[in-house]
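Scroll down for the structure; my scribbles are underneath it.
Below, chains carry the letters A, B, ... as their sequence lines are ordered, and counting in each starts from 1.
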Amino acid sequence: MPELPEVETIRRQLDDALAGMRIESVELLKSGREEPVGKEFVACLTGKKIKNIERRAKLIVWRFVDGSVMFTHLKMTGRLVLEDKRYKPRKHDRAVFKLKGKKGGKDLVWSDVRQFGFMKCLSAEDAKKVLDAYGPEPLEISAQELADRLLKPKTRKIKVALMDQATIAGIGNIYADEALFRAGVRPTRPLGELTAKERLEIAQQVQALLKLSIKHRGTSANDYVDASGKQGKFLKLLQVYGRGGEECVKCGTPIKRIVIGQRGTHYCPKCQK
DNA sequence: GAACCCCTGGTT
DNA sequence: AACCAGGGGTTC
């Protein structure tokens, strides 16, 4: 699924294209993981005017002029793509949002091969509760503040901590592996064993990496495309993710692949201590 | 924590 | 046929 840089890329495009527009209709092609389900979901969105579109962690947060909110979580294979008028529904499309504004109409299609993603309508109050439970946005605090969050359960592996949304919001498997490679720290190291210098280095690399990936409009490793249907360009800049068995770009040692927390994990056994 | 689950499809 | 896939909630 999209992680912070990919969700942020989509969010910027949607905010640019759709802020100020009104939802004329919602066509549900496949009902199930939207909330409320079915006709009620359609009813709660129809007619609403979009104030703006924000992001928190990996959630896209739709804010409406009437104060209500909708969340979109794309999970692993979700897409939100602005389609032109020749659009024909495809196999895994779940909903089409028809929007109207001063400059004409736009169709937004939500598709999701694995159907893990969800959309949810809720009040501003309920939305705030959900959003407040996330850890800080990594690009909105200092590297030192970020580093200080990587201390807690001493036995926890650093990779697990980086991916925990309550510790830091928005990092997933790809950027956790990449940040740890850049910082020269093995993903298996327990927090209690890291030096202050290592924690700060990890925090700085997380920030630099996320910013750089946003510049490249994210990573298209599998299903990800942005709101215009284009792939992100960061894939070729990945140094360890998906490169198990290949030579390390720094030292030539074969990259190892292990499993941590049910996720494929990639690192250089020589460069990462 | 670790294991399992939601689901489908691409690759080996 | 088996394994893999960028998430994350739930359950022991």
**Residues from residues 205-221 of chain A lying under 4.0 Å of DNA chain B - heavy atoms** = none
**Asked** Does a nitrogen or oxygen in the side chain of His73(A) sit under 4.0 Å from OP1 or OP2 of dG8(C)?
**Response** yes
**Asked** Quick one: the side chain of Arg263(A) and the base of dG7(C), do they pair up donor-acceptor inside 3.5 Å?
**Response** yes
**Prompt:** Is His92(A) near enough to dG9(B) that one of its side-chain N or O atoms lies under 4.0 angstrom from OP1 or OP2?
**Reply:** yes
**Asked** When Glu83(A) is tested against each of Lys88(A), Lys98(A), Arg90(A) for salt bridge (charged side-chain N to carboxylate O under 4.0 Å, His left out), which residue passes?
**Response** Arg90(A)
**Request:** Check whether any side-chain nitrogen or oxygen of Lys157(A) sits under 4.0 Å from OP1 or OP2 of dG1(B), and answer yes or no.
**Result:** no
**Asked** Which residue lies toward the 5' end of DNA chain B, Arg33(A) or Lys91(A), if each is placed at its nearest nucleotide?
**Response** Arg33(A)
**Phe116(A) aromatic ring stacked with six-membered ring of dC6(B), 5.5 Å and 30°** = yes
**Message:** Please verify the inter-ring angle class for Tyr175(A) with Phe234(A); under 30° counts as parallel, over 60° as perpendicular, anything in between as tilted.
**Reply:** tilted
**Message:** Over all strands shown, is Asp112(A) touching base, sugar-phosphate only, or nothing at heavy-atom distances under 4.0 angstrom?
**Reply:** nothing
**Asked** If you look at every strand shown and take non-hydrogen atoms under 4.0 Å, does Lys30(A) touch a base, only sugar-phosphate, or nothing?
**Response** nothing
**Prompt:** Which pair of heavy atoms, one from Asn52(A) and one from Ala19(A), lies closest together, and at what distance?
**Reply:** CA-CB, 4.4 Å
**Complete:** Leu74(A) CG to dG8(C) C1', in whole Å, measures 14 Å
**N-O pairing of Asp132(A) and Lys128(A) below 4.0 Å** = yes
**Message:** So, OP1 or OP2 of dA5(C): does either fall under 4.0 Å of a side-chain N or O from Arg257(A)?
**Reply:** yes
**Prompt:** Between Tyr134(A) and Thr265(A), which has a closest nucleotide on DNA chain C that is more 5'?
**Reply:** Thr265(A)
**Asked** When you check the gap from the basic side-chain N to the acidic O, do Arg79(A) and Glu6(A) get nearer than 4.0 Å?
**Response** no
**Request:** Examine dG8(C): is either OP1 or OP2 under 4.0 Å from a nitrogen or oxygen in the side chain of Gln165(A)? Give yes or no.
**Result:** yes
**Asked** Expressed in angstrom and rounded to an integer, what is the separation of Asp223(A) atom CG from dC4(C) atom P?
**Response** 17 Å
**Request:** With His73(A) as reference, evaluate Lys120(A), Lys58(A), Met119(A) under the side-chain contact (heavy atoms from CB on, under 4.5 Å) test and give the passing residue.
**Result:** Lys58(A)
**Side-chain N,O (Thr155(A)) to OP1/OP2 (dG1(B)) below 4.0 Å** = yes
**Message:** Taking the P atom in each of dT10(C) and dC7(B), what is the distance between them to the nearest angstrom?
**Reply:** 16 Å
